[in-house]
There are 2 protein chains.
Amino acid sequence: MPAGTATPRRKYEEILLLRYLAGLGADRSPAVLSSREVGVHLGVSQQAADRYLLALARDGFLERSLGGRKQSLTLKASGLDLLRREYHDLRRLFEGPARLRFTGSVVSGLGEGRYYLAQPGYTVQFAERLGYTPYPGTLNIQPGPPDLLRVSAVKDWKGLRIDGFSAAGRTFGGATCHAARLGGRPGHLITPDRTHHTDVVEFIAPEYLRERLSLKDGDPVDVELEES
Amino acid sequence: MPAGTATPRRKYEEILLLRYLAGLGADRSPAVLSSREVGVHLGVSQQAADRYLLALARDGFLERSLGGRKQSLTLKASGLDLLRREYHDLRRLFEGPARLRFTGSVVSGLGEGRYYLAQPGYTVQFAERLGYTPYPGTLNIQPGPPDLLRVSAVKDWKGLRIDGFSAAGRTFGGATCHAARLGGRPGHLITPDRTHHTDVVEFIAPEYLRERLSLKDGDPVDVELEES
DNA sequence: ATTACTAGGTATCGAGTAC
DNA sequence: TGTACTCGATACCTAGTAA
């Protein structure tokens with residue numbers, strides 16, 4: 001299951017346009033460009049450039065405001081994500097699997113992890129794909145502010161899929177796992193598809209790490225992970 | 001003058017195909033794939049996949065041998081270069097301008113540098129684009145073997161163009177310059193479009209560096225450069 | 001000046017099929 | 001099995017032009 005071929009693929013010109021906008025810093029402040037200028041840059045007509053802009057805006061990759069003489073173009077998060085995925089794919093080719101090491105502090109979750117991880121629909125998949133049944137509880141780690149951006153890039157890495165399912169009249173979402181070590185102990189970073197928090201990552205392991213490593217809230221921990 | 005829009009642009013599917021092959025290590029050993037398998041991976045028909053292979057082979061990006069049952073596909077240097085350029089463009093977006101620092105040893109050239117650098121067709125461009133008229137001679141540096149690969153990546157960096165011209169009944173080729181420091185002294189790495197050697201880089205500077213730094217053949221020197 | 005529609009020509013696709 | 005041609009359908013481009 002190759003990543004990146006599932007979605008109904010964008011046109012190359014559209015990707016080049018997103019790249020161009022990103023290069024102009026349109027993810028931070030709007031780029032003011034006419035469709036003609038875009039066309040010249042891409043080597044296509046004003047009309048074609050306009051169609052690309054229309055399509056990208058329709059699909060939520062950029063935002064346009066046609067207020068004044070020219071339009072203001074702003075790259076949205078999903079547009080930048082698309083480029084980041086492209087970057088990551090190519091980076092892998094030339095630099096090999098990504099590695100990451102960061103320090104974070106232990107924080108308390110809502111205790112939901114215990115309920116979710118105990119679901120048979122999940123545990124059978126864990127046993128099969130991770131090779132163990134995790135202790136029923138996630139250890140939540142808040143990366144230090146300088147690491148947060150790098151940690152968020154992990155979502156683009158290839159990972160082990162845990163599929164969603166339905167049980168007891170409700171649905172349980174899927175997740176992606178990445179092999180990692182926390183304080184030297186092996187386990188996985190787990191990223192639910194529908195994640196609630198953006199500044200915290202969840203770690204699962206075969207053992208009860210809080211006890212094994214004598215961790216309490218606020219304690220610093222080292223996390224290392226390598227792309228599979 | 002945006003780099004990457006001059007060439008008559010490849011189709012995205014063709015680039016994805018090159019990426020796929022690179023991912024299979026087809027730059028080192030042939031990948032054995034039918035056009036149907038390629039088509040499945042790209043989400044297009046066998047016929048379309050075949051057309052892409054045909055076009056890429058025609059343009060020298062890959063080599064096919066149709067000997068046995070399936071074809072053997074080998075990625076050629078220009079195919080990998082194309083991907084490397086894509087990678088570099090995206091890397092710049094997310095990581096900022098590239099930097100490089102390497103150590104090499106001083107080697108003797110053929111003395112041609114003196115003749116070329118003295119051509120008025122070049123000197124006016126140097127003065128205008130580099131901000132100085134270089135001492136008429138290049139200092140040749142041979143990077144240490146471990147650095148050679150990284151140094152060769154510099155050709156993908158954005159740089160200052162020096163255009164070719166005709167004079168005295170012959171033609172002088174263009175070149176690309178990258179701002180750099182050699183042993184702490186400012187100057188430029190200069191890469192002729194039609195370069196003769198592959199393991200040596202040439203450095204130009206406002207002053208006679210051999211004398212200024214008391215360099216003789218075989219001496220080690222530090223070179224630092226940052227993308228403009 | 002813009003953006004963006006319509007019309008008509010071209011390029012590209014997949015199906016069928018020859019080798 | 002393969003690769004790769006021809007052919008008719010369609011997707012996409014540019015030009016012209018409306019707003």
Side-chain angles (χ1 to χ4, degrees), chain A residues 4-21 24 26 29-76 79, chain B residues 2 4-21 24 26 29-76 79 82:
Chain A
T5 45
T7 42
R9 200 175 318 124
R10 299 226 66 88
K11 301 206 45 167
Y12 192 38
E13 283 77 8
E14 293 174 353
I15 292 177
L16 289 175
L17 174 44
L18 289 177
R19 270 202 219 171
Y20 181 44
L21 291 173
L24 295 172
S29 57
V32 178
L33 282 174
S34 70
S35 53
R36 159 144 279 116
E37 288 171 307
V38 171
V40 167
H41 177 82
L42 294 176
V44 299
S45 66
Q46 170 266 322
Q47 293 87 338
D50 189 60
R51 268 195 303 273
Y52 301 151
L53 289 167
L54 242 31
L56 289 171
R58 165 172 49 79
D59 297 341
F61 293 105
L62 56 85
E63 214 158 44
R64 310 197 310 152
S65 76
L66 303 180
R69 221 115 187 80
K70 292 183 182 181
Q71 61 193 324
S72 284
L73 302 170
T74 311
L75 206 56
K76 295 184 71 178
Chain B
T5 45
T7 42
R9 201 177 314 123
R10 300 229 63 92
K11 301 205 45 163
Y12 193 36
E13 282 77 8
E14 293 175 353
I15 292 176
L16 289 175
L17 174 44
L18 290 177
R19 270 202 220 172
Y20 181 44
L21 291 174
L24 295 173
S29 57
V32 179
L33 283 173
S34 69
S35 52
R36 159 143 280 118
E37 288 171 307
V38 171
V40 167
H41 177 82
L42 293 176
V44 299
S45 66
Q46 171 266 322
Q47 293 86 337
D50 189 60
R51 270 195 296 270
Y52 301 152
L53 289 168
L54 242 29
L56 288 171
R58 167 173 47 80
D59 297 341
F61 292 104
L62 57 84
E63 213 158 42
R64 310 197 310 152
S65 76
L66 303 180
R69 223 122 183 73
K70 292 183 180 180
Q71 60 193 325
S72 283
L73 302 170
T74 313
L75 206 56
K76 295 185 71 178
L82 192 151

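First the proteins, then the strands, lettered A, B, ... as listed; each starts at 1.
- Minimum atom distance to the side chain of B:Arg64 is reached by D:dT3, of the listed D:dT3, C:dT3, D:dT14.
- Taking the side chain as every heavy atom from C-beta outward, B:Leu24 and B:Leu33 approach each other to under 4.5 Å.
- D:dG2 atom P lies 13 Å from atom CG of B:Leu73, rounded to whole Å.
- Atoms CD (A:Glu13) and P (C:dT12) sit 11 Å apart, rounded to a whole Å.
- Close to C:dC13, at under 4.0 Å from its OP1 or OP2, lies a side-chain N or O of B:Tyr52.
- B:Lys11 has a side-chain polar atom (N or O) that falls below the 4.0 Å cut-off from OP1 or OP2 of C:dC13.
- Residue-to-nucleotide contacts include a donor-acceptor pair under 3.5 Å from the side chain of B:Gln47 to the base of C:dG16.
- For the pair A:Arg51 CZ and C:dT3 C1', the computed distance is 13 Å after rounding to whole Å.
- A 4.5 Å side-chain heavy-atom check between B:Tyr12 and B:Leu16 finds at least one atom pair inside the cut-off.
- A sub-4.0 Å separation between OP1 or OP2 of C:dT3 and a side-chain N or O of A:Ser35 is present.
- Going from atom CG of A:Leu54 over to atom P of D:dC12 covers 14 Å, rounded to whole Å.
- A:Leu56 places a side-chain heavy atom less than 4.5 Å from the side chain of A:Arg10.
- No side-chain heavy atom of A:Leu21 sits under 4.5 Å from any side-chain heavy atom of A:Val38.
- For B:Ala48, counting side-chain heavy atoms from C-beta on, the closest listed nucleotide (C:dG14, C:dT3, D:dA4) is C:dG14.
- Counting only heavy atoms from C-beta outward, the side chains of B:Gln71 and B:Ser35 approach each other to under 4.5 Å.
- Summarising the geometry, the separation between CG on B:Leu53 and P on D:dG2 is reported as 14 Å, rounded to the nearest angstrom.
- Atom CZ in A:Arg36 sits about 11 Å away from atom C1' in C:dT3, given to the nearest Å.
- As rounded to whole Å, 11 Å separates atom P of C:dT2 from atom CG of A:Leu33.
- B:Asp50 places its CG atom 15 Å from the P atom of C:dT12, with the value rounded to the nearest Å.
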